[in-house]
Number of protein chains: 2
Amino acid sequence: MALSHAILVSLLDRAHSGYDLAKRFDQTVGFFWPVSHQQIYQELHKLAAAGRVRAETVTQSERPNRIVYELTDEGRRALDQWLTEPTEPPTFKEELLVKLFALDEHNRDDLLAEIRSRRQLHAERLARYEAIMAEHYPQPEALNARRRGRYLGLRMGILTERTTLAWCDEALALVALPKAAAAVGSGRPRPAD
Amino acid sequence: MALSHAILVSLLDRAHSGYDLAKRFDQTVGFFWPVSHQQIYQELHKLAAAGRVRAETVTQSERPNRIVYELTDEGRRALDQWLTEPTEPPTFKEELLVKLFALDEHNRDDLLAEIRSRRQLHAERLARYEAIMAEHYPQPEALNARRRGRYLGLRMGILTERTTLAWCDEALALVALPKAAAAVGSGRPRPAD
DNA sequence: CGTCGATATGCAATTTATTGCACAGACAAA
DNA sequence: TTTGTCTGTGCAATAAATTGCATATCGACG
């Protein structure tokens, strides 16, 4: 149940509306905990019912009212408790790698195109993360603890995107490469799963 | 609905029972598409009902019977179709990074311990993947297309684990580092999200 | 002798996540 | 003038994933 905690964590600094949270998630926490706006609204109701956040409606003319949520002491306590509990293992899902399990001569071009489009996706993400890094996190050692934690999230994002980009280049080269002549000398390796 | 396709892909080479598939998933496809055995059994029923796999019971004395599934032509067609469709974007979930958003002096030691245990997890995974690589995929250019695709999955795993390991080391150092004296000269950076 | 892990398959309940849609005003572009 | 996007919140239905349990036999361990 880390969705609720991802929201509580986002409310640590200041109060936010569901709409704000959805946008923040797109840029920051959402990188390693993707959440839709529907999930956020629903979870905010539950958190409010559980007394972990307090809701306050802000009336606006000219545009829809906002409901701003802030952490309660109980919410803060729930966060502290959660931090001492074991962390669930990371999960990673990449359909492209599943598809590559079926790679052969006949679908090669389709998959090459998919890898190319992945390459672009990761290049864009990398550029975005590096821009944030340059603007907001110039020297990590000078940051206070809270901001160091956020720096580390961004840092992970940058390292991951760079690695994935490098993988895309390798993959493009290897998939495009025609079948090599049989290796000389040492017998062929055992077929694997 | 990539779960069904992950299973079909696993049946490309030879027929397998649900139990086999669950074990294979733990080592190979499961790295980028984690699935439980309950999901596999249930999905196999659906695939059989849809005519994409054919079930055959293998009677065993001394231990429970196995139900072995093999791809049908229709299953193969479904796979080909899927390969031409757009691939869903990768997702990555890491609760530890969410927790780090709440980092402060008071929870520092708990989080350091969590990072250390992650470091170990990734070191173990890396060792496992490198062993498989050394044994089964010595020279990627010499592989046929199908095996190149699988090599690329493993390769992604290795690159990812190495990167994550490096991140763990950075994180351990930065989180443990005491707060530096205020930076000299250039004004302090704007606080970021 | 009892417990545990491996083999082998599966049901049922619950929790999470996704998808599609609804409402409603402001503002910009075609 | 219609179309589309942004702000803002939300419901409802479905799909997917997780958790817990059930069954049954073998062989190993203590």
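All values below were derived from every heavy atom in this structure, side-chain atoms included, with hydrogens, water molecules and symmetry-related copies excluded. Small disclaimer: the values here were computed from a predicted structure and weren't measured. Chain naming here is simple, since letters A, B, ... match the order of the sequence lines and numbering starts at 1 in each.
Remark: Q39(B) is in phosphate contact with dT18(D), judged by side-chain N or O atoms under 4.0 Å from OP1 or OP2. Listed pair K93(B) / dA17(C) meets the phosphate criterion, a side-chain N or O lying under 4.0 Å from OP1 or OP2. When the side-chain nitrogen and oxygen atoms of Y41(A) are compared with OP1 and OP2 of dG10(D), none of them lie within a distance under 4.0 Å. For the OP1/OP2 pair of dT7(C) and a distance below 4.0 Å, the side-chain nitrogens and oxygens of K23(B) include at least one atom meeting the criterion. Between S17(B) and dT9(C) there is a side-chain N or O to OP1 or OP2 distance below 4.0 Å. For dT7(D), neither phosphate oxygen OP1 nor OP2 lies less than 4.0 angstrom from any side-chain nitrogen or oxygen of Q60(A).
Judged by distance alone, the side chains of T87(B) and K99(A) do bring a donor and an acceptor atom under 3.5 Å apart. Side chains of Q120(B) and E124(B): a donor on one and an acceptor on the other come within 3.5 Å. No donor-acceptor contact under 3.5 angstrom links the side chains of Q38(A) and Q42(A), judged on distance only.
Of all heavy-atom pairs between H5(B) and L79(B), the closest is O-CD2, 4.2 Å. Here the closest heavy-atom approach between residue A142(A) and residue K179(B) is recorded as O-NZ, 3.7 Å. Closest heavy-atom contact between G157(A) and F31(A): CA-CE2, 3.3 Å.
Comparing dG8(D), dT7(C), dG10(D) by their nearest atom to the side chain of Y19(A) picks out dG8(D). Closest to the side chain of L3(A), from the set dG8(D), dT9(C), dA17(C), is dA17(C). Side-chain proximity of P64(B) to the nucleotides dG8(D), dA26(C), dA24(D) is greatest for dA24(D).
Comparing V68(A) and R63(B) by the nucleotide of DNA chain D whose heavy atom lies nearest to each, the residue mapping closer to the 5' end is V68(A). Along DNA chain C, the nucleotide nearest to T91(B) and the one nearest to I67(B) differ in position, and the one closer to the 5' end is contacted by I67(B). Mapping E43(A) and H37(A) onto DNA chain C via the closest heavy atom, the residue that lands nearer the 5' end is E43(A).
Residue-level contact check: E62(B) touches the backbone only, with heavy atoms under 4.0 Å from sugar-phosphate atoms and none from bases. Residue contacts shown for K46(B) are absent, as no nucleic acid heavy atom lies under 4.0 Å away. Looking at heavy-atom distances under 4.0 Å, H45(B) makes contact with sugar-phosphate atoms alone, never a base. Counting non-hydrogen atoms under 4.0 angstrom, Q38(B) reaches a base of the nucleic acid.
The distance from atom CD of Q42(A) to atom C1' of dT15(C) is 11 Å, rounded to the nearest whole Å. Rounded to whole Å, atom P of dT7(C) lies 16 Å from atom CZ of R24(B). Across the protein-nucleic acid pair, L47(A) atom CG and dG10(D) atom P stand 13 Å apart, rounded to whole Å. Between L21(B) atom CG and dT7(C) atom P the separation is 14 Å, expressed in whole Å. For the pair D20(A) CG and dT7(D) P, the interatomic distance rounds to 10 Å; values are reported in whole Å. R66(B) places its CZ atom 16 Å from the C1' atom of dG10(C), with the value rounded to the nearest Å. Atom C1' of nucleotide dT16(C) and atom CD of E88(A) are separated by 11 Å, given to the nearest angstrom. In this entry the distance linking CG of L44(B) with C1' of dG10(C) reads 12 Å, nearest Å.
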